[in-house]
Amino acid sequence: MEQIYFSAPKGWSWKKFKDVCVLKRGYDLPTHARSAGNFPLYSANGVTDYIGQYKVDGPGVVTGRSGTIGKVHFVESDYWPLNTALYVQKFNGSYPRFIKYFLESFDLARFASGAAVPTLNRNSLSAELVCTPDSIEEQKRIAEKLDALFTRIDIAIENLRESVTLANALSKNGLSEIFDVLKDRFEIVPLSSVVKINSGIALPKLFKNGFSDGDIPFFKVAQMNNHHENMVEPEITFNEIVAKEHKVKLFPKGSTLIPKRGGAILTNKKRMLLADASYDSNIMGLKADESKISDDYLFAFMRTIDLANFVDASTIPQVNNKHIDQMQIPLASIKEQAGVVSRVNLLVKKVETMNSEIQMQLDDLQSLRNSILDSAFKGEL
């Protein structure tokens with residue numbers, strides 16, 4: 001027996017999804033017809049000669065079929081759906097913008113299978129029992145009400161995101177100003193003259209299939225995503241006996257780590273080692289000469305550095321020792337360095353608190369959006 005989730009409101013009825021609208025898988029495109037980006041729609045510009053037979057008349061509704069599942073797009077004009085998308089082939093008398101919101105209200109991930117690349121099962125979704133208004137006029141009323149409400153929510157979200165961008169820009173400028181003032185008072189030296197540069201090592205064979213035995217971490221560049229300041233939560237750990245037997249090189253506590261190779265450089269992450277550890281060849285570590293600068297002062301200074309400005313213009317972005325030579329650091333007194341670190345930490349903390357509060361507001365707005373969708377498709381809007 002098919003499951004009824006709630007009593008249908010007056011003027012609504014339960015139907016199978018395929019009776020409300022029909023979804024169809026998109027099409028493969030020739031490699032030379034693909035454009036950059038991940039947006040799942042292609043316009044007529046530049047690709048008509050290749051895929052004209054696959055053009056779908058707008059307006060239309062498209063959602064992700066594989067990879068990114070759950071985003072739903074309403075398309076005003078004619079379009080070409082990719083094979084990673086599902087599109088509404090037939091609206092079966094339904095109002096298109098209503099269908100867009102209707103799809104958004106679904107937990108589409110529930111109809112996905114596959115661990116590596118989740119794929120939306122169109123047949124399972126099409127067989128799902130759903131409740132919709134019988135009248136297209138009621139569908140239009142709901143869609144227009146949602147348009148008005150979500151426009152206000154989207155404006156609020158955009159304003160909050162702009163606030164995050166502004167806060168981060170002010171933080172970056174504030175950090176730079178702290179060190180610019182020092183440059184007028186103290187000697188400026190190449191960073192390489194006050195640090196030891198330690199490039200990471202190739203992943204030892206012993207660790208290739210995973211390894212966990214001891215409390216010494218081995219970090220991969222991906223673990224730079226685990227915390228905003230420190231290297232934490234290693235996937236691999238080992239002990240001193242393993243380190244000696246397999247000659248696993250250790251790097252000193254207090255080192256500032258940066259991505260050394262690949263796209264990770266452009267994320268501009270800097271992290272500190274909280275204990276002696278080893279790390280992979282995609283990471284570079286900078287250890288302060290503590291007779292000249294402290295580890296904390298080095299880390300504070302590195303916050304002001306945009307790694308994108310020191311990348312080789314090669315196929316694979318890289319930061320090398322010569323780039324560290326180009327970075328200029330003011331050689332403040334040890335006492336002055338402590339004050340700088342305090343000011344930097346205070347500024348960073350203020351921005352983090354601000355961004356955290358903004359993120360809470362963004363989460364609340366998303367929850368409100370979900371709540372409105374839930375109410376709309378229970379006939380309560």
Side-chain angles (χ1 to χ4, degrees), residues 190-290 292-312 314-327 329 341 344 348:
L191 183 60
S192 58
S193 69
V194 292
V195 301
K196 182 177 181 181
I197 302 171
N198 295 308
S199 292
I201 63 173
L203 182 69
K205 291 182 179 179
L206 180 68
F207 298 163
K208 288 190 181 296
N209 296 318
F211 194 86
S212 181
D213 181 17
D215 57 5
I216 303 174
F218 184 94
F219 289 110
K220 299 179 182 179
V221 71
Q223 270 106 62
M224 298 186 94
N225 295 320
N226 293 349
H227 192 269
H228 63 284
E229 284 189 344
N230 302 317
M231 291 300 288
V232 297
E233 300 175 16
E235 295 177 355
I236 295 169
T237 60
F238 57 103
N239 57 44
E240 291 183 3
I241 295 174
V242 169
K244 290 178 182 178
E245 287 183 356
H246 296 270
K247 298 180 181 178
V248 181
K249 188 174 182 180
L250 298 183
F251 302 104
K253 170 184 177 181
S255 297
T256 294
L257 306 190
I258 61 174
K260 180 182 178 182
R261 183 181 295 109
I265 295 173
L266 303 182
T267 66
N268 209 30
K269 292 183 175 70
K270 296 96 181 183
R271 303 292 184 259
M272 182 175 279
L273 276 186
L274 298 178
D276 291 354
S278 190
Y279 47 79
D280 71 26
S281 56
N282 293 311
I283 296 175
M284 173 185 287
L286 305 175
K287 181 65 177 78
D289 177 349
E290 294 185 83
K292 298 176 181 177
I293 63 171
S294 69
D295 290 327
D296 289 334
Y297 182 74
L298 170 61
F299 187 73
F301 171 75
M302 289 303 296
R303 287 184 187 272
T304 71
I305 296 295
D306 185 349
L307 296 176
N309 295 331
F310 297 90
V311 172
D312 269 341
S314 58
T315 304
I316 300 176
Q318 295 188 67
V319 173
N320 296 310
N321 290 26
K322 65 180 181 181
H323 300 118
I324 307 302
D325 285 337
Q326 296 169 16
M327 300 176 190
I329 185 171
V341 170
V344 166
V348 169

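Taking CG from Asn320 and CZ from Phe310, the interatomic distance works out to 13.5 Å, rounded to the nearest 0.5 Å. To the nearest 0.5 Å, atom CD1 of residue Ile324 and atom NZ of residue Lys196 are 15.0 Å apart. Taking CG of Asn198 as the start and NZ of Lys249 as the end, the distance is 5.5 Å to the nearest 0.5 Å. For the atom pair CD of Gln326 and CD1 of Ile305, the computed distance is 10.5 Å after rounding to the nearest 0.5 Å. A distance of 8.5 Å separates CG in Asn321 from OG in Ser192, rounded to the nearest 0.5 Å. For the atom pair CG (Leu257) and CD (Gln223), the distance works out to 11.5 Å, reported to the nearest 0.5 Å.
Residues forming a side-chain contact (heavy atoms from CB on, under 4.5 Å) with Asp296 (at least two apart in sequence, or on another chain): Met272, Ser294, Val341. Arg261 meets the salt bridge (Lys or Arg N to Asp or Glu O under 4.0 Å) test with no other residue; sequence neighbours excluded. For Lys287, the salt bridge (Lys or Arg N to Asp or Glu O under 4.0 Å) partners at least two apart in sequence or on another chain are Glu290, Asp295.
Between the Thr237 side chain and the Gly214 main chain, a donor and an acceptor come within less than 3.5 Å of each other. Formation of a donor-acceptor pair under 3.5 Å by the Asn239 side chain with backbone atoms of Ile241 is found in this model. Asp280 places a side-chain N or O within donor-acceptor distance of the main-chain N or O of Val221, the cut-off being under 3.5 Å.
Taking both residues in full, the closest heavy atoms of Phe238 and Ser278 are given as CZ-CB, 4.1 Å, listed atom of the first, atom of the second, then distance. Closest of all the heavy-atom pairs between Leu266 and Ala308 is CD2-CB, 4.0 Å. In plain terms, the two heavy atoms of Ser255 and Pro252 that are nearest each other are OG-O, 2.7 Å. For the pair Lys260 and Ser199, the tightest heavy-atom approach, listed with the atom from each and the gap, is NZ-OG, 3.0 Å. Scanning both residues, Ile265 and Pro317, for their nearest heavy atoms gives CD1-O, 3.4 Å.
Using a 4.5 Å heavy-atom cutoff, the side chains of Val232 and Arg271 are not in contact. Looking only at side-chain heavy atoms (C-beta outward), Met231 and Pro217 stay at 4.5 Å or farther from each other. When side chains are defined from C-beta on, Ile258 counts as touching Lys270, because their heavy atoms get closer than 4.5 Å. Looking at heavy atoms from C-beta onward, Gln318 lies out of side-chain contact with Met284 at the 4.5 angstrom threshold. Here the side chains of Ile329 and Tyr297 are in contact, with some heavy-atom distance below 4.5 Å. When side chains are defined from C-beta on, Ile216 does not count as touching Asp276, because their heavy atoms never get closer than 4.5 Å.
For the side chain to side chain contact (heavy atoms under 4.5 Å, CB included) with Pro259, the qualifying choice from Ile283, Asn282, Leu307 is Leu307, the only one to do so. Each of Asn309, Leu286, Leu191 was scored for a side chain to side chain contact (heavy atoms under 4.5 Å, CB included) with Met327, with one residue passing: Leu191.
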Apply the test side-chain contact (heavy atoms from CB on, under 4.5 Å) to residues Lys269 and Asn225: give CA-CA distance (whole Å), side-chain angles for both, the deciding distance (0.1 Å), then the verdict.
CA-CA 8 Å; Lys269 292 183 175 70; Asn225 295 320; 2.9 Å; yes

Evaluation steps, side-chain contact (heavy atoms from CB on, under 4.5 Å), between Thr267 and Met224
CA-CA 10 Å; Thr267 66; Met224 298 186 94; over 6 Å; no

Determine, step by step, whether Asn268 and Asp306 satisfy the side-chain contact (heavy atoms from CB on, under 4.5 Å) criterion, reporting the C-alpha distance in whole Å, the side-chain angles of both residues, the deciding distance to 0.1 Å, and the verdict.
CA-CA 6 Å; Asn268 209 30; Asp306 185 349; 3.8 Å; yes

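With ring centers used as reference points, Phe218 lies 6.0 Å or more from Phe211. Residues Tyr279 and Phe251 place their aromatic rings such that the two centres sit under 6.0 Å apart.
The environment of NZ in Lys208 is crowded: more than 12 heavy-atom neighbours from other residues, nucleotides or ligands sit within 6.0 Å.
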